[in-house]
Amino acid sequence: MKLTAISLLLAALISPALHAADKELNLYSARHYQTDEALYANFTKQTGIKINRIEAKEDELLERIRNEGAYSPADVFLTVDAARLAKADELGLFAPVKSKLLESRIPANLRTDDWFAFSTRARALIYNKDTVKPEDLRNYEDLADPKFKNQVCSRSGSHPYNLSLLSALIAQHGEQKAEAWAKGVFANFARPAKGGDTDQIKAVAAGECGVAISNTYYLVRLMRSNKPEDRAVVEKVGVIWPNQASQGVHINISGGGMLKTAPNKGAAVKFLEYLASDEAQVYFADGNNESPVVPTVKTNNAALAALGKFKADPLPIGTLAKNATLAQKIYDRVGWR
Ligand code: FE
């Protein structure tokens, strides 16, 4: 037997749990951005912990973790949208993580006891510069104004991004006013809800609609694209940060937590702490055009910076999640499917 094999065997005999915990991390991720590769590779380089990554759609991963039960190999679940994380939490899948580092780096409204946001994504208004006067559009509430009849484009109301937006409006105005808003916006639709956020931005540029609701990272992606057709879209549109005199722009998050059944808890906590490090935070911003959650992080994304600073809604992310079911009911009632 070689010396290394003997020492490995000894190490395994002395502390099998610790040994395993420090070498591998099983990550279930619903983030599927190419730019995240560097984010993960950098963690392995720093810690020597190998990441075994399972990628699938958000709801599929959640199902998989539930089905695997106590024997799930998953250590960390990463996904986008506050309501999805809250659902995992309600199902009792997360273990609380006590980390001074996470508490000091992530603002209190962007974390819960069990899960953490690692990036934020602002949901703003994108308008056609030829047909819409930005001074007519200061707030989300304006989208319901009859003067925007046949002008509004949006993806489905059932999409988590829109569920979270309406959840924030419910928190702000109560159920009745939130429903009146959804009804008013739906009445102003230029076309049935379809496609993703990028499709809405393109429809605005093409003049099919005057204004759309979109996460800004989709626009920044077009701004950074080398394709002439994407540049042409960007030329046509402007961005409005809504509700700057009231609660601020609605932000959603991407985030994650450690699973209760995690076999490699030490590695899981290390990974969560790594995601809040300056280096990882910069990957979120510069790679996928999201905003860091750690306020002191300096990013280097000229296109993202060009959109300017804005006031974000400080609503705790846990509250967003609580209203999501009601938000779905409201969209169903008004027909915004
Ligand atoms: Fe997205």
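In listed order, ligands and their atoms are each counted from 1.
Partner of Arg123 under the side chain to side chain contact (heavy atoms under 4.5 Å, CB included) criterion, chosen from Asn252, Asp197, Asp313: Asp197.
Inspection of the environment of the Fe ion (ligand 1) yields the following protein N, O or S atoms under 2.8 Å: Tyr161 OH, Tyr217 OH, Tyr218 OH.
Ring-centre distance between Phe186 and Phe189: below the 6.0 Å cut-off. Here Tyr28 and Phe77 keep their ring centres 6.0 angstrom or further from each other.
No side-chain donor from either of Thr120 and Glu290 sits under 3.5 Å from a side-chain acceptor of the other. In the model, Arg31 has no side-chain atom that pairs as donor or acceptor with a side-chain atom of Thr79 under 3.5 Å.
Classification of the Trp336-Trp181 ring pair by plane angle, with boundaries at 30° and 60°, yields tilted.
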